[in-house]
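Residues: numbered from 1 along the sequence shown.
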Amino acid sequence: MNFFENLSIGVPIAVFIFLFIILIFASISLAYLIEAFQKKTNLGGGFASGIILSGITSLPELCIGLTMFFTGHPENAVGDLTGGIFLDSVILAVMFLAVIKMIQQHNCSRVHLLTYGSLSVMLLMYMIATLVGQEFSVFTVSFISVAGVIIYGLNAWYCAKHKFYYTPSEQYFIDTNTKSHVNNNFFQKFLGHFHNVKKVRYLVLELVGFALVILICSFFISFAAETIIDDTVGGSASTTFIASIILSVVTSSTEIISMVILLKLKDINNALSDIGGAALFNTLILSLLEIMYIGDPVYADSKSRLLMIFSFAGVFVVFLCLLIWRFGKIKSEKRLRIVIGVFLALCILIYIAYVTVGFLQTTGQITVLD
């Protein structure tokens, strides 16, 4: 069932844009809420941001993945979920380049290394499967999916154990009892509300409330997105590329916006936990959907080759950057900043190359990896 299948294309586009705006508002609120929740409960950032926040902000990917798989378009789900991982890494690179001096004042946690190392392993398996055209299955369950579930479980266990704490600057949590001029802004008053909530159960209720808002919006966005893609490029070889660009921008907006807010709060570790945890949660979603799906091979689809190769390259570069950040024996701050900047810029260039090659292939100007 699709709510928009008999309507003009303008209707799903309008609904798509309207719900996207709501998702942006909910994402901004969630970032401030999770900071207040962490402070009130004394939870470690690995659990608060790496599991709770990243799980909530990944709900759009879950809804669209479910819709695309069970309406017979698994290639769109693969494009959205894998493209979201790639885009998250690129946005992380862009934002870290913007605040690279602030990064040097923090140490890279082992949680982040484990997360991006795991992402690199998963994307490497995806890439190999698409290149050889075989995903190594028993009955209809791929070993890649089983590995994805196990890897996410181990990461979640480690995140729950590993604790890093950070109390953001109080200036970002506006006290609504003061008469400061900043309180003239309604939105700032609203965000400051989370910090002033005294009881944890109220924060939990608000957390659940925003999760439901994101879930409901994502549910209708998934059907709108399916209609838009079917009415424009449905059935063509370019659907995976289109999904990896358009859908991933929308579904990844929740974790990207949350990461931006956390960086504004100068909370590097929670920002990394959110974006990395959300990317890894995408692999879990894809693994679970593939296990439940009975149909053609998902990972071995040749239409995904271009995406898998570039995604692996981009994420692996970020992983190398994190390794240098933690273990690089570069004493000069300026030299370390340059080295990290080069790796981050390389990740951005890889994404630009993917978009360029994908566009040229979609328009028929070149043919690669067919």
So, does [X] use its side chain to make a donor-acceptor pair with the main chain of [Y] at under 3.5 Å?
X      : Y      : answer
Thr57  : Ser54  : yes
Thr283 : Ala279 : no
Ser142 : Ser137 : no

Run the side-chain contact (heavy atoms from CB on, under 4.5 Å) check on Phe316 and Leu320 step by step: do they pass?
CA-CA 6 Å; Phe316 187 66; Leu320 291 177; 3.7 Å; yes

What orientation do Phe310 and Tyr354 show, parallel under 30°, tilted 30 to 60°, or perpendicular over 60°?
tilted

Under 3.5 Å, which donor-acceptor pairs do the side chains of residues 62-69 form with other protein atoms, sequence neighbours left out?
unit_1 : atom_1 : unit_2 : atom_2 : d
Thr67  : OG1    : Cys63  : O      : 2.9
Thr67  : OG1    : Ser222 : OG     : 2.9

Looking at [X] and [Y], what are the two nearest heavy atoms and their distance?
X      : Y      : result
Thr82  : Ser311 : CG2-OG, 3.8 Å
Ser145 : Ile291 : CB-CG1, 3.6 Å
Tyr293 : Pro74  : OH-CG, 3.7 Å
Cys347 : Val318 : SG-CG2, 3.7 Å

Ile144/Val298 under side-chain contact (heavy atoms from CB on, under 4.5 Å): CA gap, chis, key distance, verdict:
CA-CA 11 Å; Ile144 297 176; Val298 173; over 6 Å; no

Please test Met308 against Arg305 for side-chain contact (heavy atoms from CB on, under 4.5 Å), starting from the C-alpha separation and ending with a verdict.
CA-CA 5 Å; Met308 297 305 181; Arg305 287 176 184 169; 6.0 Å; no

Roughly how far, to the nearest 0.5 Å, is the [atom2] atom of [Y] from the [atom1] atom of [X]?
X      : Y      : atom1 : atom2 : result
Leu59  : Cys217 : CG    : SG    : 11.0 Å
Asp274 : Phe281 : CG    : CZ    : 12.5 Å
Leu323 : Leu113 : CG    : CG    : 5.5 Å
Tyr158 : Arg110 : OH    : CZ    : 4.0 Å
Ile21  : Ser253 : CD1   : OG    : 11.0 Å
Ser118 : Asn155 : OG    : CG    : 4.0 Å

Measure the shortest side-chain to side-chain distance between [X] and [Y] over non-hydrogen atoms and say whether it is less than 4.5 angstrom.
X      : Y      : answer
Val121 : Met125 : yes
Leu207 : Ile52  : yes
Trp325 : Ile340 : yes
Tyr116 : Ile275 : yes
Val315 : Phe319 : no
Ser252 : Glu61  : yes
Asp88  : Ile256 : yes
Leu284 : Leu280 : no

Full working for side-chain contact (heavy atoms from CB on, under 4.5 Å) between Phe16 and Ile221:
CA-CA 6 Å; Phe16 192 92; Ile221 279 178; 3.8 Å; yes

Shared hydrophobic cluster, [X] / [Y] (ILVMFWY, side-chain heavy atoms < 4.5 Å):
X      : Y      : answer
Phe327 : Ile338 : no
Leu215 : Leu289 : yes
Val141 : Met292 : yes
Val357 : Val355 : yes
Leu154 : Met122 : yes

State which residue, out of Ile257, Ile214, Thr254, Ile261, fulfils the side chain to side chain contact (heavy atoms under 4.5 Å, CB included) condition with Leu30.
Ile214

What residues, two or more places apart in sequence or in another chain, satisfy side chain to side chain donor-acceptor pair (under 3.5 Å) together with Ser287?
none

Give the C-alpha distance, both sets of side-chain angles, the deciding distance and a yes or no for side chain to side chain donor-acceptor pair (under 3.5 Å) between Ser89 and Tyr351.
CA-CA 10 Å; Ser89 300; Tyr351 189 78; over 6 Å; no

ring-ring contact (aromatic ring centres under 6.0 Å, His included) evaluation trace for Tyr126 with Phe312
CA-CA 9 Å; Tyr126 294 163; Phe312 168 72; over 10 Å; no

